Colleague: 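Before I ask anything, let me first share the structure, which is written out below as structure tokens.
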Amino acid sequence: MLNEYFSSVDLLVLKPAILLTLFAIGVLLTDLMLEPEQKYLNAVMALAGVGFAAYSLGPWPLGLQHQMGMAGADALEAFRGAVIVDSFGIYFMWLFLIAAALSILISIRYLEIEGEHRGEYYAIMLLATVGMMILAIGMDLITLFMGLELMVISIYILTGYLRRDRRSNEAALKYLLLGAFSSGILLYGMSLLYGLSGSTDLRIIASSISQRPAGDPLVLIAVITICGGLFFKIGAVPFHQWLPDAYEGAPHCVTAFMSVGPKAAAFALLIRMFLVPLASVRDVWLPLVIGVAIATMTIGNLAAITQSNVKRMLGYSAISHAGYMLLGIVSGNENGLKGIMIYLMVYAFMNLGAMAVIVAMRRKDIIGDEIDDFAGLVYKSPTAAVLMLIFLLSLAGIPPTAGFIGKYFIFLSLIETGHYGLAVVAVLYVAVSLYYYFQIVTSMFTREATDNVVPALSPGIRLALGVSLAMTLFIGLYPNPIIEVAGNTVASILR
Amino acid sequence: MVPLSYYLVLSAILFSLGVAGFIFKRNLVTLFMSVELMLNAVNLSFVALSYYFRQLDGQIFVFFVMVVAAAEAAVGLAIIISVFRNRQTLNVDEISRLKL
């Protein structure tokens, strides 16, 4: 079985992804044997899959990190260089597993209320996670494209998961059409990269591009199409229109998942593309990224002010967060990239936490995603209201919460590289974001409750909220461990 | 022999037609076909480049793109059908419960 085409390293690096795939198939099979009231066992099985994947990834015997430590290798190459596992890939794989686990925890009760509690949901979520993992470790255009499509096609299905719900349908449709369109544009850029270098390996492409004369029109078109496709995936202006619709229409728990996992995966792809094949043409894409980052922060923050729907508001706030993270690419130095890494991890916890509260607001006959639904929440459920307050403060970036640490490194890197104007603009927009986050807070703490239906904190949501809260506060109060890990990650990608 | 540039120009024209169709057409199925046209334009340039370089990478990429296009079409048509069941229309302008 193992010959010149396959080696044991190939299996080792893909072990987490293979385990997740097996469990996804397993969920589909066991789902057939479960009675309607036992469907929560699907979630247990999916969580077990995430657990096994985490075990095979971590620094334990049989784990990938352990094996890398034993071999003393900084990076493992597999499939003849098509896949490379370094600390960058491992960091992102951990992020995706965390996002998947927390999303599964908050999905159980939501799906029961919607009456759509079936196994496919968890299977597709696991497969989306596999796609993200491939995206984080791919080093070859074909691998990256397959990972990307596995991820986005799974997310299209999840977005339209509530078949009878018109909003869910429509969100899935818009996401699918614009997503497929952007994949086409990205693919065109990839074909140009292939044409320029005669290879699909990112490193060979990088060396070919660095040998092209400055101002080569083909390189220019390749950079523009690739940037267009990537900006679409992270939801940056002017390619952001799909994002608020998809966030508002998708089931609450899917909004939670897709605001964290796929976003981080798209950023992993973006960092890989900008730092490996397109590194030598930084002069070409830098003005583009600066313009897009400013426009993204502007539109994201200003459009969020007028929203009355919390999910839609968080959608616009997700757009503005993508703008802040792009600033880390603009400065492009060690602290900037470190800032993006920390930001993505922190964002996972705080955004999933905020979304978990919204999921808890979904009760019989109340969708619970309007700001009015949050009125007087503090009288009904003080716990939920205080938790929401902490997550919103963290999203705005107020110390001592974790959100501050991510923004701190990005602003620091901007000042280090002399982008003072950008730093000022970014800080001003933080003030704007406080305004719209506090619309929710004032609704929760100062208004009278319009109904007396208490949000139900099921065990799964409690656990997810507890983990998110603990990590949001821990990273905020004691950031040294994550700064160190992110530092190693950046060192591996800059090498 | 037909030079490489002919294929690449044809691919660029087809791709632009796909983009134009996506932007200007209003019927969901036509939009979807425009996206397929874009993907197939890219396939053409991959195959031509692969032939030019005398190596297989590009052609292998094309197989993967076809697989992805098929998967996307399956999911896309399923979503279009469920939208049609709920609204009895295939015009994108009428499907706007969520504001832009």
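Side-chain atoms are counted along with the backbone in the values below, which use heavy atoms only and exclude waters and symmetry mates. If you're wondering where the values come from, they're calculated on a predicted model, not measured in any experiment. In the text below, chain A, chain B and the rest are named by the order of the sequence lines, each starting its count at 1.
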Colleague: Using non-hydrogen atoms and a 4.5 Å limit, figure out which bit of A:L150 sits close to chain B: side chain, backbone, both or neither.
Modeller: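 Nothing of A:L150, per the 4.5 Å heavy-atom cut-off to chain B.
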Colleague: Sub-3.5 Å donor-acceptor pair from the side chain of A:T225 to the main-chain atoms of A:Y188, do we have one?
Modeller: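 Looks like no, no N/O pair under 3.5 Å.
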Colleague: Could you look at B:F64 and say if it's the side chain, the backbone, both or neither that has a heavy atom under 4.5 Å from chain A?
Modeller: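 Both parts, backbone and side chain.
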Colleague: Can you tell me which portion of A:F145 sits under 4.5 Å from chain B's heavy atoms? Options are side chain, backbone, both or neither.
Modeller: side chain
Colleague: Please report the closest heavy-atom contact between B:V42 and A:S191, naming both atoms and the distance.
Modeller: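 Result for this residue pair: CG1-CB, 3.9 Å.
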Colleague: What part of B:S82 gets closer than 4.5 Å to chain A, counting heavy atoms only: side chain, backbone, both or neither?
Modeller: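 Contact with chain A is through both the backbone and side chain of B:S82.
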Colleague: A:M146, A:M190, A:R164, A:R163: which one forms the most heavy-atom pairs within less than 4.5 Å of chain B?
Modeller: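 The residue among A:M146, A:M190, A:R164, A:R163 with the greatest pair count is A:M146.
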Colleague: Quick test of your reading of the model: are A:E77 and A:R203 salt-bridged, counting only N-O distances below 4.0 Å?
Modeller: yes
Colleague: At a 4.5 Å cut-off on heavy atoms, which part of B:V83 comes close to chain A: side chain, backbone, both, or neither?
Modeller: both
Colleague: Pick one of side chain, backbone, both or neither for B:A12, based on which atoms fall under 4.5 Å of a heavy atom in chain A.
Modeller: both
Colleague: Can you tell me which of A:D165, A:I142, A:L141 forms the most heavy-atom pairs within a distance under 4.5 Å of chain B?
Modeller: A:I142
Colleague: Show the nearest heavy-atom pair for residues B:K25 and B:L31, with the distance to one decimal.
Modeller: O-CD2, 3.5 Å
Colleague: So for A:L173, is it side chain, backbone, both, or neither that comes closer than 4.5 Å to the heavy atoms of chain B?
Modeller: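 Both backbone and side chain.
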Colleague: Salt bridge check, A:R80 against A:D10: does any charged N sit closer than 4.0 Å to a carboxylate O?
Modeller: no
Colleague: Heavy-atom pairs under 4.5 Å with chain A - which of B:L49, B:I79, B:N86 has more of them than the others?
Modeller: B:N86
Colleague: Distance alone, cut at 3.5 Å: any donor-acceptor contact between the side chains of A:N301 and A:Y316?
Modeller: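 Note: A:N301 and A:Y316 side chains miss the donor-acceptor criterion.
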Colleague: Using the six-membered ring wherever Trp is involved, compare the ring planes of A:Y194 and B:F46 and label them parallel, tilted or perpendicular (cut-offs 30° and 60°).
Modeller: tilted
Colleague: Quick check on the interface: out of A:T159, A:L176, A:I157, A:V152, who has the most heavy-atom pairs with chain B under 4.5 Å?
Modeller: A:L176
Colleague: Side chain from CB out, backbone as N, CA, C, O: work out which of these in B:S50 comes under 4.5 Å of a heavy atom of chain A, or both, or neither.
Modeller: both
Colleague: Whether B:R54 engages the ring of B:Y52 as a cation-pi pair (distance to the six-membered ring centre under 6.0 angstrom, angle to the ring normal within 45°) should be assessed.
Modeller: no
Colleague: What part of B:F15 lies closer than 4.5 angstrom to a heavy atom of chain A: side chain, backbone, both or neither?
Modeller: side chain
Colleague: Below 4.5 Å from any heavy atom of chain A, which atoms of B:F53 appear? Answer side chain, backbone, both or neither.
Modeller: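 Interface part for B:F53: side chain.
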Colleague: Any idea which of A:S168, A:G160, A:S183, A:G198 has the most non-hydrogen atom pairs under 4.5 angstrom with chain B?
Modeller: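 The residue among A:S168, A:G160, A:S183, A:G198 with the greatest pair count is A:G198.
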Colleague: Name the option with the most non-hydrogen atom pairs under 4.5 Å to chain A; the candidates are B:V92, B:N43, B:V68, B:L28.
Modeller: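 Looking at each option in turn, the highest pair count goes to B:V68.
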Colleague: Please classify the contact of A:I185 with chain B as side chain, backbone, both or neither, using a heavy-atom distance under 4.5 Å.
Modeller: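 Both parts, backbone and side chain.
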Colleague: Check this for me, if you would: do A:R166 and A:E170 make a salt bridge, where the nitrogen-to-carboxylate-oxygen distance has to be below 4.0 angstrom?
Modeller: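 Salt bridge between A:R166 and A:E170, a charged N being under 4.0 Å from a carboxylate O: no.
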Colleague: Could you tell me whether A:R167 and A:D245 make a salt bridge, using a distance below 4.0 angstrom between a side-chain N and a carboxylate O?
Modeller: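 Here A:R167 does not pair with A:D245 in a salt bridge, since their nearest N and O are not under 4.0 Å apart.
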Colleague: Look at the aromatic rings of A:Y175 and A:W242 and report parallel, tilted or perpendicular, splitting at 30° and 60°.
Modeller: parallel
Colleague: Measure distances from A:D140 to the heavy atoms of chain B and classify the residue's part below 4.5 Å as side chain, backbone, both or neither.
Modeller: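 Neither part, no heavy atoms under 4.5 Å.
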